[in-house]
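Some notes on the structure that comes next.
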Amino acid sequence: SSARCLEDFHASALNTSLWEVVTAGAETAWGIANGFLNANIYSDVTSGETTFRFRPPFRGNWDVLMSFGPNRIVGGGTGTVGIALGADFGVDGTSKASVGFMANANGSDPCYVMDWGQGPANGVSNASGSGLYRLARAGQEVTGRVWNSASNQWQTIGTAGGFTAEFARVGVKVWNTGVMGGKGVRMCFDNLQLVHGR
């Protein structure tokens with residue numbers, strides 16, 4: 001209840017003074033609708049990734065959370081699709097941490113995952129891509145969590161150390177690693193909140 005909302009996506013368009021959009025590989029269609037940032041993947045030829053990076057940097061210790069979903073995976077195609085709440089650390093942004101959700105392009109094997117910049121790890125089986133994801137930094141450690149509605153508490157997906165840079169850029173991303181086979185994926189983001197930090 002003490003968290004401060006940094007973005008609720010209730011404007012008619014993405015506020016580009018607060019957000020930077022970085023696209024690599026196949027273009028992902030995106031826009032603001034019904035109070036959500038919606039990203040759609042319809043790639044029939046290649047993999048791709050789009051990151052929505054919050055422009056103001058976070059410094060020192062911080063804790064952010066964000067709502068994901070309702071997400072829709074129509075099914076079909078090859079590879080995997082995913083979403084994540086993440087951070088790039090330092091001037092060059094080479095140190096990374098994110099917590100998110102991934103599934104096969106046909107919707108099977110959904111799971112929560114961490115990514116420390118080398119690809120998904122710490123997989124935890126999950127039946128839904130919707131929910132609250134949380135990323136927190138304390139000293140040189142970063143921890144990713146998801147809200148477990150069954151146990152009514154935060155569930156830790158992974159923790160790692162070595163994050164020495166003073167500031168970080170927080171953001172969200174969508175990605176796919178294969179061909180979607182004419183099918184589609186819609187990912188939704190809402191309410192980026194700062195629990196504590198600056």
Side-chain angles (χ1 to χ4, degrees), residues 19-28 30 39 41 43 45-55 57-66 68 71 73 77-126 128-129 131-148 154-180 185 187 189 192 197:
W19 294 93
E20 174 187 13
V21 183
V22 181
T23 302
E27 184 69 39
T28 301
W30 57 270
I41 303 171
S43 173
V45 293
T46 186
S47 59
E49 177 179 300
T50 298
T51 299
F52 303 89
R53 190 178 294 135
F54 197 65
R55 290 185 185 275
F58 290 71
R59 300 182 183 277
N61 295 339
W62 45 263
D63 187 347
V64 296
L65 64 89
M66 194 165 198
F68 286 74
N71 299 314
I73 301 176
T78 61
T80 59
V81 295
I83 54 177
L85 168 64
D88 297 340
F89 293 83
V91 176
D92 56 7
T94 55
S95 295
K96 301 177 183 294
S98 62
V99 59
F101 165 84
M102 66 178 284
N104 292 328
N106 62 10
S108 65
D109 298 327
C111 62
Y112 293 125
V113 292
M114 293 297 301
D115 188 342
W116 308 111
Q118 293 85 39
N122 303 80
V124 176
S125 181
N126 168 53
S128 172
L132 288 172
Y133 298 174
R134 188 170 181 175
L135 197 68
R137 177 185 187 171
Q140 295 185 13
E141 283 193 346
V142 174
T143 301
R145 299 180 175 91
V146 298
W147 181 254
N148 187 320
W154 290 102
Q155 176 182 358
T156 298
I157 305 302
T159 299
F163 295 93
T164 59
E166 165 63 15
F167 73 89
R169 296 276 303 282
V170 170
V172 294
K173 67 179 179 180
V174 297
W175 48 268
N176 68 297
T177 64
V179 177
M180 301 305 293
V185 174
M187 303 297 190
F189 310 94
L192 176 64

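Only this structure's heavy atoms are used, side chains among them; waters, hydrogens and symmetry mates stay out.
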Would you mind reporting whether [Y] and [X] have side-chain heavy atoms less than 4.5 Å apart?
{"X": "Glu166", "Y": "Val91", "result": "no"}
{"X": "Leu85", "Y": "Val170", "result": "yes"}
{"X": "Val146", "Y": "Leu132", "result": "no"}
{"X": "Lys96", "Y": "Ser98", "result": "no"}

Aromatic contact, Phe167 with Phe89 (centres under 6.0 Å):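 Ring centroids of Phe167 and Phe89 are no less than 6.0 Å from each other.
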
Using the benzene-type ring in the case of Trp, are the ring centres of Phe52 and Trp30 under 6.0 Å apart?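 Aromatic pair counts; centres sit under 6.0 Å.
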
Can you measure from [atom1] ([X]) to [atom2] ([Y]) and round to the nearest 0.5 angstrom?
{"X": "Thr50", "Y": "Ile41", "atom1": "OG1", "atom2": "CD1", "result": "7.5 Å"}
{"X": "Trp154", "Y": "Trp147", "atom1": "CH2", "atom2": "CH2", "result": "6.5 Å"}
{"X": "Thr156", "Y": "Arg145", "atom1": "OG1", "atom2": "CZ", "result": "4.5 Å"}

Looking at [X] and [Y], what are the two nearest heavy atoms and their distance?
{"X": "Val99", "Y": "Tyr133", "value": "O-CD1, 3.9 Å"}
{"X": "Gly144", "Y": "Leu135", "value": "CA-CD1, 4.0 Å"}
{"X": "Trp19", "Y": "Arg55", "value": "O-NE, 3.2 Å"}
{"X": "Val174", "Y": "Ile83", "value": "CG1-CG2, 3.8 Å"}
{"X": "Pro110", "Y": "Ala103", "value": "CA-CB, 3.9 Å"}

Given 3.5 Å as the limit, does a donor-acceptor pair link the side chain of Asn61 with the main chain of Gly139, or not?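 Looks like yes, one N/O pair under 3.5 Å.
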
Those residues that, when tested against Trp62, pass ring-ring contact (aromatic ring centres under 6.0 Å, His included) (two or more places apart): Phe58

What pairs with [X] under side-chain contact (heavy atoms from CB on, under 4.5 Å), at least two apart in sequence or on another chain?
{"X": "Val22", "answer": "Glu20, Thr51, Arg53"}
{"X": "Asp109", "answer": "Asn104"}
{"X": "Val113", "answer": "Met102, Cys111, Pro120"}
{"X": "Thr177", "answer": "Thr80, Trp175"}

side-chain contact (heavy atoms from CB on, under 4.5 Å) for Phe189 and Phe68? Distances and angles first, verdict last. CA-CA 5 Å; Phe189 310 94; Phe68 286 74; 3.2 Å; yes

Is Asp88 salt-bridged to Arg169, cutoff N-O under 4.0 Å?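 So Asp88 does not pair with Arg169 through a salt bridge.
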
Using salt bridge (charged side-chain N to carboxylate O under 4.0 Å, His left out) as the criterion, list what pairs up with Arg134, not counting sequence neighbours.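 Per chain and number, Arg134 pairs via salt bridge (charged side-chain N to carboxylate O under 4.0 Å, His left out) with Asp63.
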
